[in-house]
Each structure stands twice: as C-alpha cells, then as structure tokens.
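Taking it in order: structure first as structure tokens, then the write-up.
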2 protein chains.
Amino acid sequence: MAPASKTSRVTIKTVAADAGVSVAAVSKVLRDAYGVSDALRARVQASMEKLNYRPHAGARAMRGRTYTLGILLPDMRNPFFADILAGVNEALDRTQYQTMIGVSRSAETIEMSLIDSMIDRQMDGLIMIGPRMPPETAEAVSSRIPTAVVGYHVPQLATLDTANNDDVAGAAQVVRHLAANGYRRITMVTLAVPTKNVVVTVQRERGYREAMKERGLAQHINIVPADQTAREVQTVVRHLLESRHRPEALFCWTDMVALHALSVAKDLGLSVPGNLAIVGYDNTIYCDLAQNSLTSVDQSGQVLGLQAARLLIERIDGRQQGDHFVVSPRLVVRGSSRPRPS
Amino acid sequence: MAPASKTSRVTIKTVAADAGVSVAAVSKVLRDAYGVSDALRARVQASMEKLNYRPHAGARAMRGRTYTLGILLPDMRNPFFADILAGVNEALDRTQYQTMIGVSRSAETIEMSLIDSMIDRQMDGLIMIGPRMPPETAEAVSSRIPTAVVGYHVPQLATLDTANNDDVAGAAQVVRHLAANGYRRITMVTLAVPTKNVVVTVQRERGYREAMKERGLAQHINIVPADQTAREVQTVVRHLLESRHRPEALFCWTDMVALHALSVAKDLGLSVPGNLAIVGYDNTIYCDLAQNSLTSVDQSGQVLGLQAARLLIERIDGRQQGDHFVVSPRLVVRGSSRPRPS
DNA sequence: CGTTCTACGTATACCGTTCTACACGATCAG
DNA sequence: CTGATCGTGTAGAACGGTATACGTAGAACG
C-alpha cells in the first residue's frame with residue numbers, strides 16, 4: 001500500500017479539541033453556516049491555521065459538497081479549450097472550488113462514461129464543452145447533476161445553463177467579409193456529425209447559408225463535411241483544392257482545419273490569398289503567427305468559460321430557471337483573406 | 001436509462017440485499033479481494049449489473065482507494081502534453097482508474113496548491129509532468145503520495161518513479177544534424193528557469209553544449225533564455241535575429257518556441273532555411289504542417305505517459321524501490337533545417 | 001474419530017465530515 | 001412575571017463504503 005503518512009491526519013476533531021469547541025462548531029465555520037459568533041469563528045480559524053488543517057474531500061462528499069466541478073473536454077489539442085479553461089479558473093480563483101478535467105476524445109460513449117464517473121466522484125456540478133450528445137441526453141444529465149454547457153445551443157432548456165457565442169452571426173460575418181473582398185465561390189468545411197441543431201457547426205452552417213443567400217451567392221453554397229482527424233481533414237481539403245472547380249475561398253469551422261488547409265494549399269503550390277482565401281474560427285494563438293496569418297472569428301473563450309462557471313455556481317446555489325449567456329463574435333482580419341486580385 | 005431519483009441511490013446494501021449476501025461480500029467482489037467463491041462473485045456481479053450499481057467514490061475514499069490519479073500539467077496549450085495524456089489514458093483503459101487533471105500554469109505556488117488539493121481529494125497517486133519544483137520538494141511530495149514524474153530527471157531518488165527521454169542525447173542529435181548540414185553559429189533558445197539539473201531544458205542545454213564542443217564549435221556556444229509567454233519569446237527571438245551577428249541556426253527547446261521563431265523570421269523577411277535554420281523539440285502535430293515544416297525531436301509522449309502510468313500503479317500496489325524508464329529520442333528531419341547553401 | 005486446516009462468508013467498528021434536532025441563557029413582548 | 005423568541009453552541013445520527021476479526025462447514029490428516 002501507499003507509504004501513507006504515518007503521522008495521523010489533522011481532522012476536524014483535532015481542530016475542535018485545539019480550539020476547545022465542538023466538532024459541529026468547526027464544521028459550521030468551515031461551511032460559513034448560520035449561527036456562529038465572531039469570537040468563535042476567530043478562535044476556530046486560528047486553530048485551523050495553526051494546525052494547517054485541510055478538510056477531507058472524501059468525507060465531505062459523504063454528506064455535503066465536494067467543492068469540485070467536473071469539466072468535460074472533447075479534446076486536449078484544440079488551444080481554444082485552453083482559453084475556456086483559463087476563464088473557468090479565473091471565475092473559480094477566489095472560491096473554494098476546484099476543477100477535475102476529463103477528455104472525451106469527442107466520442108459519445110466516452111463522454112457518458114466520464115459523466116458517470118464524475119457523478120460517482122460527487123462533483124458538485126458539471127461544465128460540458130462542446131458535447132456530442134443529443135439534447136435529450138444533455139437534459140437527462142442536467143437532471144442528475146447541475147450542469148452548464150459551452151458551445152451547445154439549447155436555449156429552450158430550463159434545466160441547464162449555456163454560454164455561447166452567436167455562431168450564426170459569426171459565420172455570417174465571415175461570408176460577408178469574403179464577399180466584400182471579392183470572393184464568390186466560398187466553400188465551407190464543417191464537421192461530420194449527425195445533423196443536430198445544438199452543435200456549433202450546424203449553427204455556423206446556417207449562418208453561412210443565410211449570408212450566402214443574402215449576398216446573392218446561393219448557387220455557390222457548398223458545405224463539405226470532414227472528420228476530426230488530421231488525415232481525414234487533409235484528404236478532404238486536398239480533394240477540394242484539386243477539383244476542377246476549385247473554390248475561391250474556404251471557410252473552416254475551426255482554426256485547426258484552417259491550418260491544415262493552409263498546409264495543403266502550400267503543398268499544392270497555391271498561394272494564400274492569391275489563389276485561395278482561408279478563414280478559420282476561434283481565433284486561437286496560431287492564427288497570429290506570420291506563417292499562418294489566418295483570419296478568424298474571435299468568440300472569447302475566456303469569457304465563455306468564466307460565464308459558464310459563474311452560471312454553474314449560481315445553479316448549484318439553488319437557481320432553478322435556465323440562464324443563457326451569449327457573446328458577440330468578432331471577426332479578426334489577417335492576411336489569409338486579403339482582397340481578391342481581379 | 002432511468003432518471004435516477006435523488007431519493008434512492010443504489011448502494012452496496014441494495015446490491016447485497018438483491019444478491020442475498022452480506023455487504024462485506026459485495027465489497028470483497030468490488031475490490032477483487034481474497035475469499036470469494038466463483039459462484040458468489042457471479043451472483044453479486046449479476047446484481048450489480050442489474051441494478052446498475054456504481055460505487056460511491058467519496059465513501060471509498062474514507063477507508064480505501066479512490067481509484068483516481070492526479071495529473072499535474074504545466075499548461076494546456078502545449079500539444080505535447082496531449083500526447084502524454086493519451087498514453088496515460090491508454091494505460092488506464094482496462095483498469096478502474098480515472099484521472100483528474102490540474103493545470104499549474106508553470107507556477108510553483110499553483111503547483112503546490114494543486115498537489116495539496118489532490119491529496120485532500122485522496123488521489124491514489126500523482127503523475128507530475130515537467131514540474132517546476134526543486135528535487136527536495138518533489139521528494140517531499142512523493143513521501144506523502146505515490147508519485148511518478150515525466151520530464152524531470154531525478155534518477156537517484158527511490159521514492160518516486162520517472163519516465164524520460166534522453167534529453168542530452170536529443171539535443172546532441174540536433175546539433176550534429178545542423179553541423180552536418182553546414183551550420184556553425186547555432187544558438188539555443190531555452191527556458192528562463194533557475195538552473196536546476198532536474199528540468200529538461202537544463203539537460204538539453206548540456207547536450208547542446210557537449211555536442212557543440214565535440215564538433216569544434218565551442219566558440220559559437222550561445223544559450224539564450226526566454227520566458228514562456230508568446231510576447232517574451234517573440235521579443236527575444238526578434239532581438240536575436242536583428243543582431244549584427246545573426247545566428248545561422250536556432251535550436252529551440254520546444255516546438256512552440258520554434259513556431260514563434262518561424263513567425264518572427266517570416267516577419268523580418270528571412271527565409272527558412274535559406275537565411276536561418278530552425279529546429280524544435282517534441283515533434284508536435286504542428287511540425288508537419290507545410291507552412292512550418294519544422295525539424296524536431298520526437299520523444300514519443302505517448303510512450304512516456306503510458307510508462308509513467310504503469311510505474312505509478314506498480315508503486316501504488318506496493319513497489320518500494322525507484323524505477324526509471326528512459327526512451328531514446330529520434331530526430332525527425334523536415335524542411336526547416338535543410339543543408340545550408342554555401 | 002478427533003483435531004487442525006482451509007476456504008468462504010458475515011458482523012461490525014470505523015473513516016471525517018455534514019446536518020438535524022435540541023439545549024440553554026438572554027432578551028423581548030404583553 | 002410569564003412565555004415566546006433569538007442567538008449561539010452541542011450531541012449524535014447519518015453517509016456508503018472498507019477492512020478486521022471472527023464463525024462455520026467441509027476436507028485433510030494422523
């Protein structure tokens with residue numbers, strides 16, 4: 001077994017004895033509960049400090065809260081999620097809460113098993129980022145544990161809170177920008193998922209479609225799905241760029257796909273934006289590197305994460321109705337979409 | 001899936017009643033403990049299945065294990081860590097273990113507070129990835145909780161296990177490769193940390209220094225430190241590349257720095273490798289993109305993660321002496337270090 | 001045939017918190 | 001003056017497991 005600290009652990013009992021009060025009193029101080037005098041609180045806090053007391057999360061889980069929030073991430077590699085996490089941490093900085101991250105590799109089965117294990121571990125709440133599950137499942141989850149989602153559009157649900165950017169508007173901005181710069185054959189590369197209105201890609205597809213129509217480019221609407229994997233993305237993009245009717249511009253649902261598109265374009269000897277404009281989404285740190293200089297849509301992951309955490313804690317503290325935070329996306333123009341040379 | 005009402009959780013008692021055995025028997029089956037007949041085990045497992053029983057992690061934490069491992073990450077943005085995590089997950093796939101990730105933002109204070117909270121939450125063990133703490137602290141940690149580290153060189157310690165690549169050899173390979181391709185003024189960009197032999201950068205500096213001497217380039221040895229932040233890295237690299245005695249090649253301690261170097265070079269109108277060769281470390285996914293085409297050293301993060309997890313579980317199960325896994329790094333040559341035009 | 005193992009199960013004392021119920025003295029309303 | 005209310009603190013029962021100590025039946029042994 002573990003080289004367990006032979007030195008007996010400092011428990012609530014030790015603190016109580018040291019401060020000369022009851023165990024219940026110490027617990028009250030810990031939880032900031034009603035019915036403690038300032039004098040007693042001070043005495044107990046002094047003892048806790050002195051003994052370097054730390055509450056045992058497992059024991060807490062038995063009756064009360066664990067002060068731990070579960071975070072569900074589709075994958076570790078997308079730097080956009082790091083922004084969201086930064087925001088979550090920021091919101092939690094001054095609280096007792098800690099986070100526990102699980103990575104689902106974008107698979108619904110792993111997602112569900114992670115959720116189960118978060119519930120087993122008595123997480124006080126759950127933040128799901130871009131989950132893959134259908135809305136009914138999300139609702140079921142939120143009935144078992146307080147839940148907030150980021151990048152998942154279910155404004156109609158009262159059982160869970162959401163933090164989103166307006167994906168329809170973001171995609172529309174991209175199309176309008178490209179159209180204004182002289183591009184007409186604008187193709188969108190999206191994610192291959194069963195069509196569900198809740199996921200961000202479907203929202204962006206809608207924004208793309210609407211804006212294309214609005215700009216009189218309906219006949220050029222072309223939405224191409226690709227899997228998440230590097231190989232699949234490259235294959236799909238290569239196929240597109242080698243086709244006889246090569247698009248003039250690519251709108252990629254996320255930056256990572258856009259970066260691969262840049263790579264394929266370079267491989268094929270196409271200049272960007274000379275032969276092809278490329279736009280991404282999320283405005284991750286890689287966009288700003290000169291070798292990419294990628295136009296992208298900023299949806300401030302940090303704000304989304306911060307708001308999601310705030311909403312979740314409110315919900316844990318008892319709010320019953322749904323709350324839905326929406327941020328406006330902002331197009332960040334860089335070299336990859338400069339005006340088309342006529 | 002039935003919407004489990006909050007009133008009736010399926011506990012070990014429920015299972016025991018359903019299977020017609022004692023609570024202790026169910027516990028034994030759960031823990032795979034000694035003294036259960038096949039018949040009883042089968043009966044209990046059938047009941048657990050039927051009732052969809054899931055053990056309560058908090059309760060387990062009170063006396064036994066939580067089957068949760070803590071993972072300490074310096075930052076979320078480096079895709080190399082994703083490889084390591086993938087390996088850890090692979091090792092844990094067929095076990096009861098789950099992981100809980102904490103991100104320290106490379107700060108020793110956050111590191112320590114995360115470790116505390118992992119211990120509070122009764123993690124069974126800890127995997128620290130590239131920690132910043134001095135070796136004495138690491139040893140202290142490992143005396144409180146079973147510990148394995150990745151990217152941290154303390155082969156002398158028996159209280160913790162390590163999984164590393166041979167950083168000295170990796171750096172030496174880079175220098176030899178560059179030297180063979182005609183580069184002489186090879187500058188190394190490293191991380192600004194208090195010089196401690198345990199961290200990977202210091203090991204890589206050693207390999208760089210030794211190989212430079214070996215190739216008769218001692219007079220060109222130049223090691224430049226830079227902080228982790230994007231701005232700082234860009235500033236340092238820009239300063240280097242604008243200096244009158246511009247280096248012919250840059251060896252960057254990690255890919256992210258190399259990517260920034262590529263960006264600055266492009267900004268300054270320098271061609272890579274025409275005017276400047278660049279080599280990174282970690283062989284992350286971005287190296288392979290055509291716009292980067294970055295030569296790098298592969299240290300198979302996945303293998304490191306897998307081994308670290310394996311070692312940790314062995315340690316939790318009782319091993320007392322230290323075990324140290326080392327993998328050989330492999331140079332992956334790409335465009336950014338092609339032979340120098342004379 | 002009695003005794004000692006061996007294999008399998010059971011009863012139950014914890015583990016460290018939270019939280020409900022309640023005790024007690026002081027203050028207040030009537 | 002009496003009873004109700006308030007503010008503060010305590011006692012002790014959960015919570016859902018684990019692990020130890022022990023009971024018991026059948027087999028093996030001499």
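Values below: every heavy atom of this structure, side chains too, minus hydrogens, waters and symmetry copies. In the text below, chain A, chain B and the rest are named by the order of the sequence lines, each starting its count at 1. Everything numeric in this text was worked out from a predicted model, so none of it was measured.
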Most 5' of B:Arg31 and B:His56 on DNA chain D, judged by nearest nucleotide: B:His56
Side-chain donor or acceptor of A:Arg315 paired with backbone N/O of A:Pro146 under 3.5 Å: no
Interatomic distance, A:Arg60 atom CZ to A:Ser27 atom OG [nearest 0.5 angstrom]: 8.0 Å
Rounded interatomic separation in angstrom, taking CG from A:Asp38 and C1' from D:dG7: 12 Å
Length of the CD-C1' vector between B:Gln96 and D:dG17, whole Å: 13 Å
Phosphate OP1/OP2 of C:dC19 contacted by A:Arg63 side-chain N/O (<4.0 Å): no
With B:Asp323, the side chain to side chain contact (heavy atoms under 4.5 Å, CB included) member among B:Thr162, B:Asp161, B:Leu160: B:Asp161
Axis deviation across the helix from C:dC1-D:dG30 to C:dG30-D:dC1, five-pair ends, to the nearest 10°: 40°
Heavy-atom side-chain contact between B:Gln98 and A:Asp120 under 4.5 Å: no
B:Arg121 CZ - C:dT17 C1' separation (whole Å): 14 Å
Sugar-phosphate only, base, or nothing, as touched by B:Arg41 at under 4.0 Å among non-hydrogen atoms: nothing
Nucleotide of D:dG9, C:dT18, C:dT10 approaching A:Ser37 most closely (side-chain heavy atoms): D:dG9
Rounded distance (nearest 0.5 Å) linking atom CG of B:Asp124 with atom OG1 of B:Thr66: 3.5 Å
Any A:Thr11 side-chain N or O less than 4.0 Å from OP1/OP2 of C:dG16: no
Whole-Å distance separating the CG atom of A:Asp120 from the P atom of D:dG16: 13 Å
Which atom pairs link the protein and nucleotides 21-24 of chain D when you take only N or O atoms and keep those under 3.5 Å?
none

For atom CD of A:Gln122 and atom P of D:dG17, their distance in whole Å: 10 Å
Whole angstrom value for the distance that separates P of C:dG16 from CZ of B:Arg60: 18 Å
Gap between atoms CZ and P, on A:Arg9 and C:dT17 respectively (whole Å): 6 Å
Neighbour count >12 (heavy atoms, 6.0 Å) for atom NZ, A:Lys13: no
B:Tyr34, nearest nucleotide to its side chain (from D:dT10, C:dA7, C:dT18): C:dA7
Sugar-phosphate only, base, or nothing, as touched by A:Ser27 at under 4.0 Å among non-hydrogen atoms: base
Sugar-phosphate, base or nothing in reach of A:Val36, heavy atoms under 4.0 Å: sugar-phosphate
Length of the CD1-C1' vector between A:Ile12 and D:dT10, whole Å: 13 Å
Test item: side-chain donor near acceptor, A:Thr147 and A:Ser142, under 3.5 Å: no
Modelled atom types, side-chain donor and acceptor of A:Arg121 and B:Thr68, under 3.5 Å: yes
A:Tyr53 vs B:Val23, nearer the 5' end of DNA chain C by closest nucleotide: B:Val23
A:Gln45 CD to A:Tyr53 OH distance, which is reported to the nearest 0.5 Å: 13.0 Å
Those residues that, when tested against B:Lys50, pass side-chain contact (heavy atoms from CB on, under 4.5 Å) (two or more places apart): B:Asp18
Closest-nucleotide ordering on DNA chain D, the 5'-leading residue of B:Met62 and A:Arg43: A:Arg43
